[in-house]
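Both backbone and side-chain heavy atoms feed into the values below; hydrogens, waters and symmetry mates do not. Remember, it's a predicted structure, so these values are computed and weren't measured experimentally. A note on names: the letters A, B, ... follow the listed sequences, proteins ahead of strands, and every chain is numbered from 1.
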There are 2 protein chains.
Amino acid sequence: MKEGPDIARIGTLIGDPARANMLTALIGGQALTATELAQAAGVTLQTASSHLSKLEDGGLIAQRKQGRHRYFTLADAAVGTLIESMMGFAASRGHLRHKPGPKDPALRKARVCYDHLAGDYGVRMLDSFVAREVIESDGENLKVTEGGQGELSALGIDIGKLAANRRPLCKSCLDWSERRSHLAGTLGKALLQNFMEKGWARRSLESRAVLFTPEGERKFLSLFPV
Amino acid sequence: MKEGPDIARIGTLIGDPARANMLTALIGGQALTATELAQAAGVTLQTASSHLSKLEDGGLIAQRKQGRHRYFTLADAAVGTLIESMMGFAASRGHLRHKPGPKDPALRKARVCYDHLAGDYGVRMLDSFVAREVIESDGENLKVTEGGQGELSALGIDIGKLAANRRPLCKSCLDWSERRSHLAGTLGKALLQNFMEKGWARRSLESRAVLFTPEGERKFLSLFPV
DNA sequence: TTCATACTTCGATCGTAACCGAAGCATTCC
DNA sequence: GGAATGCTTCGGTTACGATCGAAGTATGAA
């Protein structure tokens, strides 16, 4: 009867809260097991299994067997782009899931986006890298410049080791609170880890907020000027 | 519990076939009444009314009362962009709604996209306009050039009259079969109308296909070379 | 071999939302 | 005024899918 692409089908796939949680858990780019995804979605393993097979049938995710684990990832970059654009759109309509509260400002300031830094500070860091030509952004993709490698290793980041990983080194990730991009990928992960190892910041126990110490905040801000 | 934008909510809104049909009917940019949308969705007026209020609550559509009619439109351009990107994505996963059949090639060749020409011929026309600098495309948006106005009026298109309309003159619309843009807006509508008035083409009665006569096809192809 | 872990499949329950008939407003036409 | 049109609201039915317990399969460890 009707012609054209079936947007209702992918709408339905994304429309279930459990599946939406799984997909958002996967936009970090890391492969996750069924058990981890069940936990992220807040459902039992059986239910998660059913959701995962639906997402796979729909072409949104892919799985890779490894021993007795099954690692799930987004099928390709297009899925991540779609999810991110939907997040931006949802945010623009005021469809947020969090209840406004005292911890909200902290979340907007700095929080974990799966494994890397997001929020105001995350955006600021990427902006600063681009302004100082440590990272160059040719349209969509991000790349560490030749000169940038030295600056990063001065911070204690071993680029060569990170590049060996199959997960992309740099990735831009749309920030729903700032509506701008921040740095994801293994470099984004390594940087956040670096800050925590130096004692500049630690993860909040109750939420995804990243809490900076006074000294850590001072160093971070001077390291990444606007 | 969870933070971030609620993509599940807009997923659910788009995920219902009736609502998806309504939204796709609206991407042409024209305002439609509840009755027209009910017909497009294939449901009764009561059901349509319920869907429309949900879409409005979700910020996807807007309504305007006019006499005893209510005209519905997409809330803004961002909604159109989202729907189009979802259509492109759905097509890339092979989620099409039409049953493959004899009329399928005809649809890919030329069809109506609400009120303008889409498919291979639609893409070809826009490409040709851009190549000959009748229309210029600065990134996302389309604009008729100074020199282009003469060429269009030679075809029998009165640009001044079209520009008076509140609906945008030029609009690019992503083609799900070609995965490239074609020309929408009042100009796109006027051109298709023009072809049909000249007897070059007519709409198929069973589907959205546009059927060219042998002579019309010859003229069209020579008018819009690749 | 036996046990443990990781996950899928089956089966049954349950809640929600899509659906339409009927009735209720609002606006316009005669 | 009354009738017709356009749409919304209400109420009740129905169907689909999300959920989880229990059982089944596969891989790895002891």
Side-chain angles (χ1 to χ4, degrees), chain A residues 1-2 6-26 30-73 95 97, chain B residues 1-2 6-26 30-75 95 97:
Chain A
M1 179 103 174
K2 295 282 175 185
D6 191 357
I7 58 170
R9 173 145 184 222
I10 60 172
T12 316
L13 283 174
I14 300 176
D16 180 81
R19 287 193 290 262
N21 285 338
M22 290 174 167
L23 290 169
T24 41
L26 286 170
Q30 251 200 9
L32 297 174
T33 64
T35 309
E36 288 170 321
L37 286 167
Q39 205 156 19
V43 293
T44 61
L45 188 56
Q46 304 95 290
T47 306
S49 178
S50 154
H51 285 310
L52 288 168
S53 66
K54 280 173 191 170
L55 286 171
E56 192 179 8
D57 287 347
L60 295 191
I61 64 172
Q63 65 165 295
R64 197 156 32 88
K65 285 182 73 167
Q66 208 162 75
R68 55 182 163 181
H69 292 277
R70 298 208 176 182
Y71 286 97
F72 292 88
T73 55
H95 298 327
R97 291 181 299 178
Chain B
M1 181 103 174
K2 294 283 176 185
D6 191 357
I7 58 170
R9 173 140 185 225
I10 60 173
T12 312
L13 283 174
I14 299 176
D16 181 82
R19 286 193 292 261
N21 285 339
M22 291 175 169
L23 291 170
T24 41
L26 287 170
Q30 252 200 8
L32 297 175
T33 64
T35 309
E36 289 170 320
L37 286 167
Q39 204 157 20
V43 292
T44 61
L45 189 55
Q46 305 92 290
T47 307
S49 178
S50 153
H51 285 311
L52 288 169
S53 66
K54 281 173 191 171
L55 287 172
E56 193 179 8
D57 287 347
L60 295 191
I61 64 172
Q63 64 165 296
R64 195 156 33 88
K65 284 182 73 168
Q66 208 163 76
R68 54 183 166 184
H69 291 277
R70 296 205 179 186
Y71 286 98
F72 292 88
T73 55
L74 297 187
H95 298 326
R97 291 180 299 178

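Side-chain contact between S50(A) and Q46(A): absent, with no pair of heavy atoms (C-beta onward) separated by less than 4.5 Å.
T47(A) has a side-chain polar atom (N or O) that falls below the 4.0 Å cut-off from OP1 or OP2 of dC20(D). Put simply, K65(A) has no side-chain N or O that comes within less than 4.0 Å of OP1 or OP2 on dA6(C). Checking the phosphate oxygens (OP1, OP2) of dA26(C), no side-chain nitrogen or oxygen of R70(B) falls inside 4.0 Å. The side chain of T44(A) places no N or O atom within less than 4.0 Å of a non-bridging phosphate oxygen (OP1 or OP2) of dG21(D). In this model, the phosphate group of dA17(C) is not approached by any side-chain N or O of K54(B) to a distance below 4.0 Å at OP1 or OP2.
If you take CD on Q39(A) and CG on L45(A), they are separated by 10.5 Å, rounding to the nearest 0.5 Å.
Put simply, the residue from I61(A), L23(A), L60(A) that forms a side chain to side chain contact (heavy atoms under 4.5 Å, CB included) with L13(A) is L60(A).
The side chain of S49(A) lies closest to dT8(C) when the candidates are dT8(C), dC7(C), dG6(D).
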(message) Run the side-chain contact (heavy atoms from CB on, under 4.5 Å) test on D57(B) and R9(B) for me, step by step, so that the C-alpha distance in whole Å, both residues' side-chain angles and the decisive distance to 0.1 Å come before the verdict.
(response) CA-CA 11 Å; D57(B) 287 347; R9(B) 173 140 185 225; 4.2 Å; yes

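For the pair Q46(A) and H69(A), nearest-nucleotide mapping onto DNA chain C gives the more 5' position to H69(A).
Contacts of S53(A) with the nucleic acid, taken as non-hydrogen atoms under 4.0 Å apart, are absent. Within the nucleic acid shown, T33(B) comes within 4.0 Å of sugar-phosphate atoms alone, with no base atom in reach, counting heavy atoms only.
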